There are 2 protein chains.
Amino acid sequence: MAETPAALTLADVARAADVSEITVSRILRNVGPISETTRRRVLDAVDQTGYVRNQIAGTLASATSNLIGVVIPSLSNIVFADVLRGIDAGLEPSGFRPVVGITDYKADAEEKLVTSLLAWKPAAIIIVGFDHTDITRRRLKQSRIRVVELMDIDSEPIDLAVGMSHRAAGLATGRHLIGRGYRRFGYVGHDWTTDRRARLRWDGLVQALEEAGLELVDQRLHGGPSSTQAGREALATLLQGAKHPDVVVFSNDDMAVGGVFHCIAEGIVLKRDLALFGFNGLDVGQALPKPLSTVRSNRFRIGKIAVEQILLRPERNGTPETINTGFEIVPGETA
Amino acid sequence: MAETPAALTLADVARAADVSEITVSRILRNVGPISETTRRRVLDAVDQTGYVRNQIAGTLASATSNLIGVVIPSLSNIVFADVLRGIDAGLEPSGFRPVVGITDYKADAEEKLVTSLLAWKPAAIIIVGFDHTDITRRRLKQSRIRVVELMDIDSEPIDLAVGMSHRAAGLATGRHLIGRGYRRFGYVGHDWTTDRRARLRWDGLVQALEEAGLELVDQRLHGGPSSTQAGREALATLLQGAKHPDVVVFSNDDMAVGGVFHCIAEGIVLKRDLALFGFNGLDVGQALPKPLSTVRSNRFRIGKIAVEQILLRPERNGTPETINTGFEIVPGETA
DNA sequence: CTGTTAGCGCTTTCAG
DNA sequence: CTGAAAGCGCTAACAG
């Protein structure tokens, strides 16, 4: 019976190359001055043996890890997948790796997750939003590593916030649509308790209406998470009411695309009979027969910038900062 | 100037609770017999101090980590986000955490990624597909940790494959549509070099046609990754040809949804004038005015089962295995 | 340019 | 039920 050979260590490579462990270590990390001949000899030995570095031991010894904790509410929503893509893209050249956790929009799950991620001594934690439990917030503060709160910039961050003002986006949406002549506003949304940012956009929208002496003529709130199907059904019930809006603003593009499908199915001609407006600027909305009128949020960029900031300044400095990644109105053809 | 206090260690907690380090360690890991009084005292001390375990040190000492390496080609494609969701869901009760890497469909990026993930001494690696470089395959084999190859079961796995037969899905699609009376088959796809599974489905489809003495009357291959917009444009050019298919099979739902949008925009009545068929069973397809006819692949389940298998049997055993998660034809209303 | 020594903070093993 | 000693595999700090 062949015994399982012990895993290769630095010592094995060092022996094979006839140098000390620390020399191999330095070569593998690209630090310090190394003669070209030893470097070559050691790298050969690495190839020959098939040695794979043990980052666990390295991290313990150096007290600096290459892991980044990432806490997101969900992956069903493509928005957070985009953020994660951005994070990964920003990390790409650095050798850092994301360790991810999904909260499912639950604050207590988030609390457990943050604790379990901190146990891996990550170089930083990237987390979505500001809605944390007190314990979560305290732990993050005490950790003294960099903490980046994403998506939102409407609150005071622990360390750094990267995102856009959702209130401002709602406001801009309202003003834009009023400017285009719409007066009878309907709203179709999803569960606000798990999506504070949707609520902030709604606040901004209502504020824009107030500025113009208007108010929402009707609205429907779907109880669950946003989805195309939910948007379709919610618009259907809204239109059964007697309020006859001339434009319906949706909590996001997923919901709005469902609204578009409903109109297509019912023969409602978009913009002539009814205008629809979304939020996010998803690809699917732009590929519709008539491109969806919406607001482009820069999710990928948010994730990327978060990482770039971490790499740029790995130490937390005293004062919380905020980076605004902005948004753009996408006129489209549905409003 | 307040000096940064050193991070808390087991020793601090042990001192506070007046026990030895090992006792604290045992309590935190729930191993060995511990008296209820000491347990309480220690847990109190943990709370008081705000101690957070150092998994890095623990992993080094015990040589068993709670990390799972995850290698996926992309997150732009919701299919892989679904897989990752399944992985996370399966991991949920275990305290394991995924460390993810994205290859962008590049084999050399995958090779680097696998090496860098192995350096974290994960308990297992979950990777999409069978298309690895020789070096990647060798490293994975040599690692002796569990390796799960996802999505596909049409090749021999290193250790375990979890997925479905894409060839069989293509075959089933063809037979299903022939059974419904279609005879003039068109095909609209995307880049096969990065998506071997799409190619396998095509193979199966063509085989079904051959069985019935038929062949594809026309096809269009988009050069890039699949997208709704690409599907829309590719169908448009296909229909400009003179081949007049009565059904068009798409490489996946994203592409097919684009096809549906084209038909809506052009006033082509689905199923009466032209039938369309997708692959994946995405939500967006089912929310369309007419639900898309497609094949449901069980992405979430694939991820979940992969993890469950790892937790169930953490050691690799000699012989490679395969788990078939199956698929179902979704009749829909577009074919 | 290369090496020696001394840990990093835990857990394993063996005692009691 | 609790503890002491040893060491996981690497890197920081200091020599040479």
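Keep in mind that the numbers below use all heavy atoms, side chains included, and drop hydrogens, waters and symmetry copies. The structure presented is a predicted model; accordingly, all values stated were derived computationally and were not measured. Lettering follows sequence order; numbering is per chain, from 1.
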TODO: Please work out if B:Gln55 contacts a base, only the sugar-phosphate, or nothing of the nucleic acid, heavy-atom cut-off 4.0 Å.
DONE: nothing
Open item on the list: I'd like to know if the side chain of A:Ser65 and the backbone of A:Leu67 have a donor-acceptor N/O pair within less than 3.5 Å.
Closed with: yes
TODO: Could you check whether A:Thr59 gets within reach of a base, just the sugar-phosphate, or nothing at all, counting any heavy atom under 4.0 Å?
DONE: nothing
Open item on the list: Between the side chains of B:Glu321 and B:Arg313, is the shortest nitrogen-to-carboxylate-oxygen separation below 4.0 Å, so that they form an ion pair?
Closed with: yes
Open item on the list: Just N and O in the side chain of A:Thr9: are any of them under 4.0 Å from OP1 or OP2 of D:dG9?
Closed with: no
TODO: Report yes if at least one side-chain N or O of A:Arg53 is closer than 4.0 Å to OP1 or OP2 of D:dT11; otherwise report no.
DONE: yes
- [ ] Please state how far atom CD in A:Glu21 lies from atom P in D:dT11, giving the value in whole angstrom units.
- [x] 10 Å
TODO: Report the distance from atom CZ of A:Arg15 to atom C1' of D:dG9, rounded to the nearest whole Å.
DONE: 13 Å
Task: Min side-chain heavy-atom separation A:Ile323-A:Ile305 under 4.5 Å - done: yes
- [ ] Considering just the side-chain nitrogens and oxygens of B:Thr23, establish if one lies under 4.0 Å of OP1 or OP2 belonging to D:dT2.
- [x] no
TODO: For the side chain of A:Ala61, starting at C-beta, report the closest nucleotide among C:dC8, D:dT2, D:dG7.
DONE: C:dC8
Task: A:Ala57 side-chain proximity, nearest of C:dC1, D:dC8, D:dC10 - done: D:dC10
TODO: Please tell me if the side chains of B:Phe80 and B:Val128 come closer than 4.5 Å, counting only heavy atoms from C-beta onward.
DONE: yes
Open item on the list: Regarding B:Arg26, tell me which of base, sugar-phosphate or nothing describes its non-hydrogen contacts under 4.0 Å with the strands shown.
Closed with: base
Open item on the list: If I take atom CG in residue A:Asn66 and atom P in nucleotide D:dC10, what distance separates them, rounded to the nearest angstrom?
Closed with: 15 Å
Open item on the list: Just the rounded figure in Å: distance from P of D:dC10 to CG of A:Asn54.
Closed with: 5 Å
Open item on the list: Output the rounded distance in Å from CD1 (A:Ile22) to C1' (D:dC14).
Closed with: 11 Å
- [ ] Would you mind telling me which of D:dG9, D:dT2, C:dT12 lies closest to the side-chain atoms of B:Ser35?
- [x] D:dT2
Open item on the list: Counting only side-chain nitrogens and oxygens, does A:Thr38 get under 4.0 Å of the OP1 or OP2 atom of C:dC1?
Closed with: no
Task: Presence of A:Tyr51 side-chain N/O under 4.0 Å of D:dG9 phosphate oxygens OP1/OP2 - done: no
Task: Pair B:Asp44 + B:Arg41: basic N to acidic O under 4.0 Å - done: no
- [ ] Write down the distance between CZ (A:Arg40) and P (C:dT2), rounded to a whole number of angstrom.
- [x] 13 Å
- [ ] Could you please name the option among C:dG3, C:dT2, D:dA4 that lies closest to any side-chain atom of A:Ile34?
- [x] C:dT2
Task: Side chains of B:His132 and B:Glu111, donor plus acceptor under 3.5 Å - done: no
- [ ] Could you say whether B:Ser20 or B:Ser62 is positioned toward the 5' end of DNA chain D, judged by the nucleotide with the nearest heavy atom to each?
- [x] B:Ser20
Open item on the list: Nearest whole Å is fine: how far is C:dG9 C1' from B:Arg29 CZ?
Closed with: 12 Å
Task: Atom pair distance, as rounded to whole Å: CD1 in B:Ile27 and C1' in C:dT11 - done: 15 Å
